[in-house]
Amino acid sequence: MRNPFPLIDPVRRRQGPRENQLIGEFIAGQIGRRGFLRRGSALGLGWPLLAAIAGAIDPLGTLPARAATGKAGTTIRVGSPMPAGAIDPVTVGDAGGLLMLQQVGEFLVFDQPNLRLAPMLATAWKPNHDGSVWTFTLRKGVTFHSGGMMTAKDVVATIERLADPRNASNALSVFKGVLSPGNIEKIDDYTVAFHLDAPHGNFPYYLSSDNYNAIILPADYKGDFEKTWDGTGPFQIEKYTSKVGASFIANANWWGGRVLPARTEFSFFAGQQPQVLALEGGDLDVISQIVVQGAEGLLTDRRMSIIRLEAAIHRQVHMRCDIPPFNDQRVRRALALTLDRPAIIQGLFRGLADLGNDSPFAPVYPSANRDVPQRRKNIAEAKALMQAAGSRGFPVTLTTEHLLEMPDYAVLIQNAAREIGIDVRLKVEPPAAYYGSAAFGKSDWLDSPFGMTDYGHRGVPDVLLTAPLTTHGTWNAAHFRNPEYDRLVAEFVAEVALDSQRRIAARIEQLLLTETPIIFAYFYDYLTATRKGVTGVAPTANGELYLQSASAG
Amino acid sequence: MSREVIAAGVVPEEAPQPSRWRLLRRSGGFRAGAAIVGFWALAALFGPMLVPWNPFATDPLHALAPPSAAHWFGTDQLGRDIFSRVIAGSRDILTIAPLATLLGTIVGSALGLAGGTLGGAFDFVLGRIIEVLVSLPLIVVALLALVAFGASPATTIVLIGLVFAPLVARTVRAAVLGEIALDYVAAAELCGESRLAIMFVEILPNVLGPVLVEATVRLGYAVFAVASLSFLGFGPGPPSPDWGLAIAENYGVIAGGYWWTVSFDAAATASLVVGVNLLAEALHQALAS
């Protein structure tokens, strides 16, 4: 058979087996262009090469322009969630705090809104033969705001700090079982090798903006971030006032080139409604994130623009598998079958969300297997399952947070559950009370028999597959223990090839549909609101907001 | 009555005074207040049986529907019928507010009676404590207490009752001081009645009027306090149709033009406060006449 793409052959001869497997999948039509670019970027294939291959097979078109085109020197005023506490890149975990980090800090790799990886402080990355060692090449000529040059020692120190359990890092949920302290090797000033605990196909995502805390800090960072705000990003701190706001000025020495705005001003808000009013009143240019509830007016206001990103933001409704009343998987499945998911999405999000199928595989993930049937409301089947389990219904308390749409979702679950005799009582707490100490035995989140927890977006589902669902997962609120699941997830995580990932994903999805330790009913879109005339605002579904190309006309 | 008759030294026969109850019934304010409060009391007792829709039934596909023949007050964010929820929501507030007022009135009256009757150091110390307590903003005290003890209807009742008690005590003490110098109190002391008997048997019946007026005024404030605490998240939780909670749940969508999601709950709260205040005003006038 004639090779339809002869121009690709010389390129393929220079690639390793994993890269060639990926190119083969793309040529065979097993993955789309988007998936090819995404997987290729994860494997460390450079953009020119990816563009050339994709262009030879399916014209790539123009990559998103990085050049800023708006009016220079303006001030961009942003409404931001209020940081929950001190801003420390090691420990911070809330949306407001993470948004502050990202204004001055940068990651090795940037997880773009389309889930493709792009170089940031690393220019290239490559796995060894089995994906157990990943080598990153660092960008040269990057300076910290304090003046020092960023080199491999800063990268090693930063990631070591995050991977060390003694530091109680927020990034441990990502690194635990993947990267252990002492396994990061400085090859030279601009090359770092990461020796993983086990092969990992998606490891570059773990060093990307997907891992919120992984901004690169100077090696001698002493935990005083709120004093130094030392990063490499396009903006430098001007002023930070706790509980009030922060302002940043353009970094003239930024490696990425010209920063369009002269300043950015962030005002902290405890809720969405005042932000909406401030935007409508012209006191803000941008709201970093809005949710549909309470922002319906913005969605239809012609003076506003809404940036919509498909995302994996979701709520996990866990049912403890180790104690009654949910220790029988038939009861858990029955409850999941009572939910009218399309109606929930329409009611809570005006349709701006994807259906969930009771697994972390959001439709946005290329690795999600769409051949697995979608779970739909089926009261007859739910009642049959309850009967088979010998249950005629029971009272149970659903514990959750007073956050965004969650109390309303809890009410919908309460009503749905009533149809099969489950009397759900609601306990809605402030988030701090719900999370408690975030440790087993000291947290309503991790201890409640029936709870609902908020989860943010991730570029790959790996953390969502491991932390809340594996036997030793740090967020395993469902207390789900299934060796077969653990094995499949380990297999999935180690796999690099997308078609293999999809094949394993199908088995994981089927297993989770049968066991149903957690209900995933929806994955909602990430929405950012701007005034009309404000251009160049680049949010990500991770909650980041890139403003170096922004302009308020 | 003519001046000539008076001048001639003829004492005119005193016209019969209408009873206080008759005065009250003649008062337009009383009748309006009674009608409003009576309506809400009936709604609290029987409303859930009479409403056209189940106040708790959700219908997400018909969320935020404007008022119509099917849904007189429209639907909220979960597609629940707002009319049914407003009617059903009166039960919480009309349980908590009167009980809180009753508690505050009993405790406050006892303190006011004790302070005014016993006098001396006890009255001085009690007076200073009351001044301190009265100077604290109700909502701040309430929030601190609810955070410390946890939000529940019982906590809210005790809390509002105890916050109101000093206010009632101050009013009652002032009324007692007006009575303590009268002859009947001295006569009771001469007869050897105990302090306790003088307080509760002699003086209390004579200050019941101010106590009643103060209690009615406090009831209006209690309604407002309960709604405010619910709005701030310290009242009944979802899916209760409580008015304050409903406003808190839906106020975020007003900017989108969905005015009906909070307007009727707010109007219900306001109408109950106005109704109670009309009753209090009419009662005050009847007792003062």
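These numbers were taken from a predicted model, which means no experiment stands behind them. Each chain gets a letter, A, B and so on, in the order the sequences are listed, and its residues count up from 1.
In this structure, no portion of B:I254 lies under 4.5 Å from any heavy atom of chain A. Looking at A:I345, neither its backbone nor its side chain comes within 4.5 Å of chain B, counting heavy atoms on both sides.
Under the side chain to side chain contact (heavy atoms under 4.5 Å, CB included) criterion, B:L50 pairs with B:F46, sequence neighbours left out.
In the displayed structure, B:Y221 atom OH is contacted under 6.0 Å by at most 12 heavy atoms of other residues, nucleotides or ligands. Around the CZ atom of A:F268, the shell of radius 6.0 Å holds more than 12 heavy atoms that belong to other residues, nucleotides or ligands. Within 6.0 Å of CZ on B:F149 lie no more than 12 heavy atoms contributed by other residues, nucleotides or ligands.
For the pair B:P60/A:L348, no side-chain contact is recorded, criterion being any heavy-atom separation below 4.5 Å from C-beta on.
Nearest heavy atoms, B:P238 versus A:L426: O-CD1, 3.5 Å.
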Mind listing the donor-acceptor pairs under 3.5 Å that bridge chain B and chain A?
unit_1 : atom_1 : unit_2 : atom_2 : d
B:F56  : O      : A:N415 : ND2    : 2.7
B:T58  : OG1    : A:N415 : ND2    : 2.9
B:Q77  : OE1    : A:Q293 : NE2    : 3.4

